[in-house]
Amino acid sequence: MALLEVSGLRTAFHTRDGVVRAVQDVSFRLERGDTLGIVGESGSGKSVACLSLLGLIPQPPGRIEAGKALFDGEDLLRSPEHALRRIRGRRIGMIFQDPMTSLNPYLTVEEQLVEPLLIHGIAGREAAAATALAALKEVGVPDAEARIRDYPHQFSGGMRQRVMIAMALIAKPDLLIADEPTTALDVTVQAQILELIEHEQSERRVAVILISHDLAVVAEVCDHVIVMYAGRVVESAPAATLFRAPRHPYTRALQLSRPALQAAGSELYTIPGMPPDLARPMSGCAFAPRCEFATGDCTRSEVRLEGVAPEHASACLRAQRGEIRVT
């Protein structure tokens, strides 16, 4: 049995301007010890999908309208709040996207690090303090003995990100959701953090969901990747397959946008147009207005995620029919 199996997840925000369908029919599975990458432009639904699993969507205006999320056999979407509190921070850790606002400015770093250990009864006060100091050292915070008593505003953005990572890992969770975990870090520290996460995986078979804009990082550390656009999964495949032979024009466009692939001095590639307004009804493929391969049929026909090769699914009609190759 998979550690996490999500099927048909739909999350919407009911606002004065209409219903924003942020996540629509998202499904994936994750085995123990594996890493799932979720990529896509800002606003594609990556973070909302994962926050929905933990019951962290503000309700209202948010509403989880459908789906299942079986975590070790327990449906997270139907679990009462007291049950989710036993899971969050203990069996599922999360590195939030913005360390500037995710830490409590009124508590020292030590108080925030020991809190998960105390709440979940993992350790007493003295042992928790020792574990917190070790965790801070492990993520590379210099002079950890002194800095652990500082407040978040006394840390740089990169250091706050390291504290967030230490908090997410301190209770030794079975699943780690990492939402842009290396965004505020330089390349050297980024490699250290990824190595730390990989060490946790090899030692305890921790499963990881990595949400990232950095396709190079995703290609390096992930076993399987799903690509999201306009709240939907438009492509799903093993990482090596997806980056070698994408089967959706949006995935290809994301890859072409990588600065490392551009010739020195040349203009950086950008995807034309803008993502759609998720509060407006859409017919056909949501990416069609921006797609160089689109035909009239793409805007009229219903689009579903369908297999195009072993373990490889795409939501592109023309790729499904074998009419185009987007590699």
Side-chain angles (χ1 to χ4, degrees), residues 1-14 22-23 26-33 36 38 45-99 101-129 131-132 135 152 163-179 181 200 204-209 211:
M1 183 176 67
L3 177 66
L4 176 65
E5 188 164 4
V6 178
S7 58
L9 175 63
R10 288 170 45 200
T11 302
F13 293 90
H14 295 252
V23 175
V26 167
S27 301
F28 59 85
R29 60 185 286 128
L30 182 61
E31 305 288 344
R32 293 181 185 274
L36 172 70
I38 305 180
K46 307 182 302 296
S47 297
V48 173
C50 290
L51 291 172
S52 297
L53 302 181
L54 295 177
L56 296 178
I57 295 297
Q59 303 184 52
R63 185 184 301 168
I64 298 172
E65 298 185 332
K68 289 184 178 181
L70 298 178
F71 175 68
D72 210 8
E74 181 176 352
D75 191 350
L76 298 175
L77 303 185
R78 287 166 177 79
S79 296
E81 179 63 23
H82 66 85
L84 285 176
R85 286 179 180 174
R86 290 198 301 268
I87 294 172
R88 290 192 298 246
R90 176 61 185 95
R91 300 201 60 200
I92 303 178
M94 182 160 186
I95 303 169
F96 293 94
Q97 189 171 17
D98 186 5
T101 58
S102 298
L103 295 171
N104 190 326
Y106 294 101
L107 299 177
T108 66
V109 165
E110 181 178 40
E111 290 175 291
Q112 297 184 63
L113 284 172
V114 303
E115 186 177 44
L117 301 175
L118 299 178
I119 286 177
H120 295 289
I122 298 171
R125 171 67 65 173
E126 186 174 340
T131 301
V163 172
M164 284 293 305
I165 293 168
M167 286 178 62
L169 291 173
I170 198 166
K172 301 189 181 304
D174 299 311
L175 169 62
L176 175 66
I177 300 175
D179 193 352
E200 288 290 312
R204 301 188 301 101
R205 297 187 68 207
V206 177
V208 177
I209 296 176
I211 302 170

query = When you measure from the side chain of E65 to the backbone N and O of A12, does any donor-acceptor pair fall under 3.5 Å?
reply =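 Not a single qualifying donor-acceptor pair exists.
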query = Short question: side chain of S7, backbone of S27 - any donor-acceptor pair under 3.5 Å?
reply =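 Checking the backbone N and O of S27 against the side chain of S7, no donor-acceptor pair under 3.5 Å is found.
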[Y] and [X], any side-chain heavy atoms less than 4.5 Å apart:
X    : Y    : answer
L3   : R205 : no
E74  : I87  : yes
R90  : I122 : yes
D179 : F96  : no
M164 : P152 : no
L53  : L9   : yes
F28  : I209 : yes
I38  : C50  : yes

message = Tell me whether R78 at atom CZ has more than 12 heavy atoms from other residues, nucleotides or ligands lying less than 6.0 Å away.
response =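 It does: R78 CZ has more than 12 such atoms within range.
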query = Got a sec: does the CD of E126 have more than 12 other heavy atoms crowding it under 6.0 Å?
reply =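 Counting neighbours around CD of E126, 12 or fewer heavy atoms of other residues, nucleotides or ligands fall under 6.0 Å, so no.
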